[in-house]
Amino acid sequence: MNGIWPLGSSVKHLTIAGGAMLYNAALARNFSPSWFEPQFWTERGELAGTARGRGTAHYVRTAERDLVLRHYRRGGLAARVFADRYLWRGEERTRPFAEWALTHRLHLAGLPVPVPIAARYVRHGRLYRGDIITERIASTGSLTEALRSEALPLLTWISIGRCIRRFHDLGVCHADLNAHNVLLGDQAVYLVDFDRCSLRADGLWRDGNLVRLRRSLEKISYGLPAERFTDADWQALLGGYRQSSAPPAGAAAQHT
Ligand SMILES: Nc1ncnc2c1ncn2[C@@H]1O[C@H](COP(=O)(O)OP(=O)(O)O)[C@@H](O)[C@H]1O
Ligand SMILES: [Mg+2]
């Protein structure tokens with residue numbers, strides 16, 4: 001891992017049967033491999049619910065912090081054959097380690113992302129399975145959930161545009177920028193799900209990300225009252241995106 005990015009001294013790397021784990025010892029002091037098993041949390045009475053993505057995200061409530069545990073699952077046609085198995089191409093290219101490392105880096109740069117706690121892969125011959133644990137964002141829900149219950153103020157759309165712009169200015173191409181992966185907090189807008197995301201030089205991928213979000217918004221607002229997603233909303237989002245996105249003083253420079 002350290003070949004790509006320095007992860008910092010609190011990040012521990014452990015070899016386990018058939019695989020390896022990464023975890024941030026400063027944030028998960030009593031960490032154990034059983035944290036990756038939903039059963040472990042169920043038995044302790046600390047499972048606090050689930051969310052659906054491609055797979056199931058488990059919400060966990062520990063005494064110290066709220067967590068989200070996700071097992072990597074494939075979507076689309078490949079899911080029928082491979083379900084939750086991926087081709088081994090080296091540790092750094094496993095889904096969990098790559099997502100963990102990118103999210104860790106974005107967090108250090110001061111971007112609104114979930115704080116990564118731990119990641120694991122376990123090999124099965126030429127394939128592997130993987131999991132990731134992040135700190136749960138105290139959000140009022142995803143953009144999808146918000147739109148299903150009410151129309152949003154224009155200011156929220158502007159904030160979403162600004163948020164996306166901050167990621168793009170760092171070169172983060174989000175592989176799946178849809179309304180489920182935008183979370184609305186009381187104070188801030190967050191992006192989640194950095195699986196398969198990459199850091200890139202400027203390019204048309206920026207527009208590609210926005211087009212994908214627009215399609216997702218059209219899809220989820222189909223069948224909802226027309227005022228839930230209007231052209232003015234989208235223009236407000238683009239307006240926020242176009243404003244220059246100076247990061248909070250020193251935030252990015254301190255850690256990179
Ligand atoms: N750290 C987090 N805090 C709060 N909710 C989260 C967090 N991570 C994921 N979620 C919720 O779980 C859903 C699925 O997680 P996601 O990372 O998008 O995985 P998938 O690859 O399955 O889409 C998200 O859309 C979001 O609603
Ligand atoms: Mg997602």
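Treat the numbers as computed from the prediction; the structure is a model and nothing was measured. Read the numbers this way: they start at 1 and go in the same order the structure lists the ligands and their atoms.
Residues of the protein with a heavy atom under 4.0 Å from ligand 1 are Ala51, Gly53, Arg54, Gly55, Ala57, Tyr59, Val68, Arg70, Pro114, Thr134, Glu135, Arg136, Ile137, His180, Asn181, Leu183, Asp193, listed by chain and number.
Environment of CZ in Arg74: crowded, with over 12 heavy atoms of neighbouring residues, nucleotides or ligands closer than 6.0 Å.
For residue Asp193, an N/O/S atom approaches the Mg ion (ligand 2) to within less than 2.8 Å. For the Mg ion (ligand 2), the N/O/S atoms of Asn178 include none lying under 2.8 Å.
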Per-pair distances, 0.1 Å, donor-acceptor, side chain in residues 179-190, under 3.5 Å, sequence neighbours excluded:
from   : atom 1 : to     : atom 2 : distance (Å)
His180 : ND1    : Thr144 : OG1    : 3.2
Asn181 : ND2    : Asp176 : O      : 2.8
Asn181 : ND2    : Asp193 : OD2    : 3.2

* Do Leu210 and Arg206 pass the side chain to side chain contact (heavy atoms under 4.5 Å, CB included) test, and can you show the C-alpha distance, the side-chain angles, and the key distance before you say yes or no? -> CA-CA 7 Å; Leu210 292 170; Arg206 284 175 166 243; 5.8 Å; no
* Test Gln243 against Arg162 for side chain to side chain donor-acceptor pair (under 3.5 Å), laying out the working first. => CA-CA 7 Å; Gln243 287 169 7; Arg162 276 201 196 129; 2.7 Å; yes
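Panel note: side chain Arg228, backbone Leu147; a donor-acceptor pair is recorded below 3.5 Å. Judged by distance alone, the side chain of Glu99 and the main-chain N or O of Phe194 form a donor-acceptor pair under 3.5 Å. Looking at Asn209, its side chain never comes within 3.5 Å of a backbone N or O of Leu177 through a donor-acceptor pair.
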